[in-house]
Amino acid sequence: MAAAQPRPARLKAAVHYTVGCLCQEVAEDKDVQFSKQTIAAISEITFRQCGVFLILCRHAKRSTVTTEDVKLLARRSSCLLKYITEKSEELALNNMEQKEKKKKKSSAVKEGRTSGEHEAAVTESEDYNMA
Amino acid sequence: MEREEKAVGFRKETVGRLLHLHFRDGRTRVNGDAQLLMMEMLNVFVRETAARAARQAQAEDLGKVDVEHVEKVLPQLVRTGRRTQTAAQRSSMGSVPGTQQRCTGLLLSPYSFWISRGP
């Protein structure tokens with residue numbers, strides 16, 4: 001049995017696999033082939049590029065990297081910035097929708113718990129409102 | 001045999017681990033949405049590098065993309081940190097349209113081979 005690989009090696013393998021899949025997509029689109037060395041090179045560059053990205057994010061004196069920091073990485077290219085901003089807005093919208101769903105669920109649960117006790121009071125108040 | 005369609009690209013967990021690997025102090029964190037955006041950035045970065053390298057190979061009438069094609073397009077995509085370029089890079093950049101870029105920034109425009117046409 002092979003010993004567990006150290007983390008960087010496993011991560012590099014994961015990156016390599018993903019880069020291979022992405023290159024396959026591009027290869028089909030452009031009708032070309034990528035050599036194995038090319039995929040390995042792009043994989044290595046991507047792996048190192050994460051470190052560079054983070055160096056740029058660290059300029060702000062905060063301990064948490066946020067979406068605003070990531071958007072700053074894209075500022076030099078207008079179409080990339082637009083693309084990333086759109087994705088960021090989609091994420092924000094998704095988060096809001098999920099919060100709404102949670103609120104509805106928790107309020108429904110609360111109503112379910114208290115309905116047995118206050119059912120009479122509620123129906124009375126409804127009649128009062130309708131009158 | 002039919003295969004389920006899967007989104008091609010980095011997974012959020014992989015990106016999270018990648019970012020943590022590069023943090024030396026162990027205190028810096030990346031919030032969930034920032035991880036997702038970084039995931040998109042990395043997908044774009046890889047696709048753009050691959051697409052430009054493919055374009056370079058096609059400009060040289062080659063059907064196979066080799067490392068040299070990636071080397072030629074890399075200065076357009078990443079900061080080199082060096083003002084001087086090798087002669088090979090200077091001569092190669094002229095063969096790819098729109099390559100008169102200043103290598104001073106991390107990501108240079110146009111970053112549009114993949115984004116503008118859509119996935």
Side-chain angles (χ1 to χ4, degrees), chain A residues 7-8 10-11 14-15 18-19 21-27 29-35 37-43 45-58 62-71 73-84 87-88 91-92 95, chain B residues 6 8-11 14-15 17-19 21-23 25 27-38 40-51 53-55 57-58 62-67 69-71 74 77-79 104-112 114-117 119:
Chain A
R7 277 185 187 174
R10 287 179 71 181
L11 266 178
V15 169
T18 309
V19 167
C21 294
L22 287 165
C23 287
Q24 181 60 31
E25 250 193 14
V26 175
D29 182 65
K30 299 269 182 199
D31 197 24
V32 293
Q33 282 183 351
F34 285 87
S35 67
Q37 294 85 354
T38 305
I39 294 175
I42 298 177
S43 171
I45 292 162
T46 306
F47 190 83
R48 288 170 191 261
Q49 199 58 28
C50 285
V52 176
F53 284 165
L54 288 175
I55 288 168
L56 295 175
C57 287
R58 259 189 223 159
R62 281 181 274 107
S63 61
T64 307
V65 175
T66 64
T67 54
E68 294 306 309
D69 297 320
V70 180
K71 279 189 215 168
L73 293 174
R75 70 190 182 282
R76 288 189 179 268
S77 166
S78 54
C79 51
L80 179 62
L81 181 60
K82 186 182 163 193
Y83 178 78
I84 291 294
K87 289 286 172 186
S88 173
L91 283 172
N95 289 343
Chain B
K6 285 185 184 177
V8 178
F10 287 93
R11 289 171 55 202
T14 310
V15 172
R17 287 183 196 143
L18 260 175
L19 297 176
L21 189 71
H22 286 286
F23 286 132
D25 56 10
R27 289 186 304 171
T28 314
R29 294 176 183 180
V30 184
N31 79 19
D33 285 353
Q35 273 189 30
L36 289 169
L37 276 193
M38 280 298 290
E40 294 291 341
M41 288 277 283
L42 288 172
N43 287 336
V44 167
F45 179 79
V46 172
R47 284 193 170 115
E48 195 68 23
T49 307
R55 191 117 169 185
Q58 285 171 332
L62 296 169
K64 194 165 188 185
V65 187
D66 275 320
V67 181
H69 304 122
V70 175
E71 286 174 351
L74 205 54
L77 293 156
V78 300
R79 167 183 270 164
T104 55
L106 176 66
L107 299 171
L108 305 172
S109 61
Y111 212 78
S112 59
W114 193 266
I115 294 174
S116 60
R117 64 173 284 288

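Lettering follows sequence order; numbering is per chain, from 1.
Across all their heavy atoms, B:G9 and A:L22 have their closest contact at CA-CD2, 4.0 Å. When all heavy atoms of B:V67 and A:A41 are compared, the pair lying nearest together is CG1-CB, 4.1 Å. The minimum heavy-atom distance linking A:F34 with B:A50 is given by the pair CZ-O, 3.4 Å.
Judged by distance alone, with hydrogens and angles left aside, the side-chain atoms of B:Q58 form a donor-acceptor pair with the main-chain N or O of A:K30 at under 3.5 Å.
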- Carefully, step by step, assess A:L73 and B:M38 under the rule side chain to side chain contact (heavy atoms under 4.5 Å, CB included). CA-CA 10 Å; A:L73 293 174; B:M38 280 298 290; 4.0 Å; yes
- Task: Could you give me the CA-CA distance, side-chain angles and deciding distance for B:D66 and A:S35, then say whether side chain to side chain donor-acceptor pair (under 3.5 Å) is met?
- Result: CA-CA 6 Å; B:D66 275 320; A:S35 67; 3.2 Å; yes
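Remark: A:T38 OG1 to B:H69 NE2 distance equals 8.5 Å, nearest 0.5 Å. Distance check: A:R10 CZ to B:L21 CG gives 12.5 Å after rounding to the nearest 0.5 Å. Residue B:M41 holds its CE atom at 13.5 Å from NZ of A:K87, rounded to the nearest 0.5 Å. Rounded to the nearest 0.5 angstrom, A:L91 CG and B:L37 CG are separated by 5.5 Å. Atom CZ in B:R47 sits 10.0 Å away from atom CG in A:D29 (nearest 0.5 Å). Once rounded to the nearest 0.5 Å, the distance linking CD1 of A:I45 with OG1 of B:T49 reads 6.5 Å.
Listed by chain and number, the residues in a side chain to side chain donor-acceptor pair (under 3.5 Å) with A:Q24 are A:E28 (sequence neighbours excluded). Every residue two or more places apart in sequence or in another chain was checked for a side chain to side chain donor-acceptor pair (under 3.5 Å) with B:R17, and none qualifies.
Per-residue heavy-atom pair counts under 4.5 Å with chain B were compared for A:C23, A:S88, A:C50, and the maximum is reached by A:C50. Of the listed residues (B:L18, B:L19, B:V70), the one with the most heavy-atom contacts under 4.5 Å to chain A is B:L18.
Counting heavy atoms from C-beta on, the side chains of B:T14 and A:T18 never come closer than 4.5 Å.
If you measure heavy-atom distances from A:T67 to chain B, the contacts under 4.5 Å come from both the backbone and the side chain. In this structure, the portion of A:I42 lying under 4.5 Å from any heavy atom of chain B is its side chain and not its backbone. Contact of B:V30 with chain A is made through backbone and side chain together, with heavy-atom distances under 4.5 Å.
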